[in-house]
Amino acid sequence: MKTRIGHLSGAKQGHSKMQLIPVVDLKGGCVVHALRGDRDAYRPIHTPLAATSAAEDVVAGLLALAPFRTLYIADLDAIAGTGGHGEVIEGLKAAFPHLDLWIDAGETHADQVRARAAQGRGTSVIGTETLPDVAAAREVLAATGAILSLDHDAAGPRGPEGVHEDAALWPERVIVMTLARVGSGEGPDLAALARTAARAAASGRHPLLYAAGGVRGPEDLDRLAAAGAAGVLVASALHDGRIGPDTARRWA
């Protein structure tokens with residue numbers, strides 16, 4: 001039982017099928033290839049799944065691969081405070097109405113979360129990297145339906161340490177985002193998942209945990225499922241074929 005997150009943490013059981021969630025990173029009006037969190041170096045994606053790097057083309061290509069139910073969108077310009085892709089996201093919602101969109105757009109206020117939900121513009125993801133302090137985290141995470149992303153880079157946790165350490169603040173769904181492994185092919189950060197699960201258990205919390213960063217292929221998906229992850233966010237391995245249609249459909 002040393003490797004099963006659910007047993008380590010008391011995390012919710014019963015999600016018998018882990019969900020594979022494709023990731024779309026938006027910057028400068030198109031989908032970009034994310035690598036290790038070095039956003040200044042991100043360039044428009046080149047993928048065999050789509051003829052262009054336009055968001056609708058890329059998402060259509062992903063859906064041709066498998067009938068995904070959820071799509072994670074990182075609006076990198078909004079996160080950086082240099083613009084945003086509201087119209088692009090609206091277009092995706094209109095083109096693919098069945099998709100549950102998880103949107104990380106740098107939101108830090110509860111009214112932003114509530115407005116997005118009320119207007120049917122997806123579910124807000126609150127990343128610790130954009131939170132100014134614990135008080136702001138407490139206020140925004142109290143908004144119904146928000147998802148928390150516990151962001152880490154090579155140097156450690158990003159954002160207020162108190163948010164990472166106080167599981168009592170966490171909502172029902174938590175992403176463990178290891179930015180240093182994004183696009184790296186180094187494998188998922190199972191240790192970070194286990195630490196997060198253990199911290200939740202110590203606080204008597206049972207959130208669903210989602211892994212993000214480093215997935216190389218089918219074996220990593222099997223390992224994450226065996227560890228009790230509720231889902232996993234993936235981009236590169238879908239575009240370069242390491243996760244092919246059969247595997248994608250299995251977990252979609």
Side-chain angles (χ1 to χ4, degrees), residues 19-32 34 39 42 44-45 49-50 52-64 66-132 136-151 159 163 169-175 177 182 207-208 210 212 230-235 238 252:
Q19 183 182 180
L20 176 58
I21 301 172
V23 173
V24 168
D25 292 285
L26 298 176
K27 181 181 178 184
C30 65
V31 179
V32 294
R39 292 169 181 161
Y42 290 3
I45 196 168
L49 301 181
T52 77
S53 60
E56 287 194 26
D57 289 346
V58 173
V59 174
L62 288 166
L63 291 174
F68 297 110
R69 295 175 285 134
T70 304
L71 178 71
Y72 176 98
I73 300 175
D75 187 339
L76 301 178
D77 291 341
I79 291 170
T82 58
H85 294 82
E87 290 186 4
V88 173
I89 294 170
E90 291 286 349
L92 291 175
K93 188 65 179 174
F96 310 102
H98 68 286
L99 280 176
D100 180 12
L101 301 183
W102 291 7
I103 313 294
D104 185 348
E107 294 167 350
T108 58
H109 299 289
D111 57 353
Q112 295 173 307
V113 174
R114 295 190 187 101
R116 181 176 296 281
Q119 296 165 14
R121 295 185 291 112
T123 302
S124 296
V125 175
I126 309 303
T128 55
E129 66 171 317
T130 57
L131 288 169
R138 184 176 292 108
E139 189 260 351
V140 71
L141 291 173
T144 302
I147 300 167
L148 174 64
S149 179
L150 295 172
D151 301 325
V163 181
L169 293 171
W170 301 352
E172 290 296 305
R173 291 177 289 183
V174 176
I175 298 167
M177 176 73 72
V182 168
L208 297 175
Y210 297 81
V232 54
L233 279 57
V234 180
L238 292 170

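As a basis for the values below, the full set of heavy atoms in this structure was taken, side chains included, without hydrogen atoms, waters or symmetry mates. Keep in mind it's a predicted model, so treat the numbers as computed, not measured.
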Between [X] and [Y], what is the shortest heavy-atom contact and its length?
X: E139; Y: H109; result: OE1-CA, 3.9 Å
X: V88; Y: A55; result: CG1-CB, 3.6 Å
X: F96; Y: A60; result: CZ-N, 3.8 Å
X: G122; Y: I103; result: CA-CG1, 4.5 Å
X: S149; Y: M177; result: OG-CB, 3.5 Å
X: D25; Y: A74; result: OD1-CB, 3.3 Å

For side-chain contact (heavy atoms from CB on, under 4.5 Å), just list the numbers for D77 and H85, CA-CA rounded to whole Å, side-chain angles, deciding distance to a tenth of an Å, and then say yes or no.
CA-CA 8 Å; D77 291 341; H85 294 82; 3.1 Å; yes
Nearest 0.5 Å, please: how far is [atom2] in [Y] from [atom1] in [X]?
X: T123; Y: D100; atom1: OG1; atom2: CG; value: 4.5 Å
X: R114; Y: Q119; atom1: CZ; atom2: CD; value: 13.5 Å
X: L141; Y: L169; atom1: CG; atom2: CG; value: 7.0 Å
X: L101; Y: T70; atom1: CG; atom2: OG1; value: 9.0 Å
X: R121; Y: E90; atom1: CZ; atom2: CD; value: 6.0 Å
X: I79; Y: L26; atom1: CD1; atom2: CG; value: 9.5 Å

Between [Y] and [X], is there a side-chain heavy-atom distance shorter than 4.5 Å?
X: V32; Y: C30; value: yes
X: L150; Y: T128; value: yes
X: E107; Y: I126; value: yes

L148/R173 under side-chain contact (heavy atoms from CB on, under 4.5 Å): CA gap, chis, key distance, verdict:
CA-CA 7 Å; L148 174 64; R173 291 177 289 183; over 6 Å; no
With a 3.5 Å distance limit and no angle check, can you tell me whether K93 reaches the backbone of L99 through a side-chain donor-acceptor pair?
yes
Counting only heavy atoms not in E87 (residues, nucleotides, ligands), do more than 12 fall under 6.0 Å from its CD?
no
Among all residues two or more places apart in sequence or in another chain, which pass the ring pair (Phe, Tyr, Trp, His ring centres under 6.0 Å) test with Y210?
W102
Passes side-chain contact (heavy atoms from CB on, under 4.5 Å), L131 versus V140? Steps please.
CA-CA 9 Å; L131 288 169; V140 71; 4.0 Å; yes
Walk me through it: do F68 and L238 pass the test side-chain contact (heavy atoms from CB on, under 4.5 Å)?
CA-CA 12 Å; F68 297 110; L238 292 170; 4.2 Å; yes
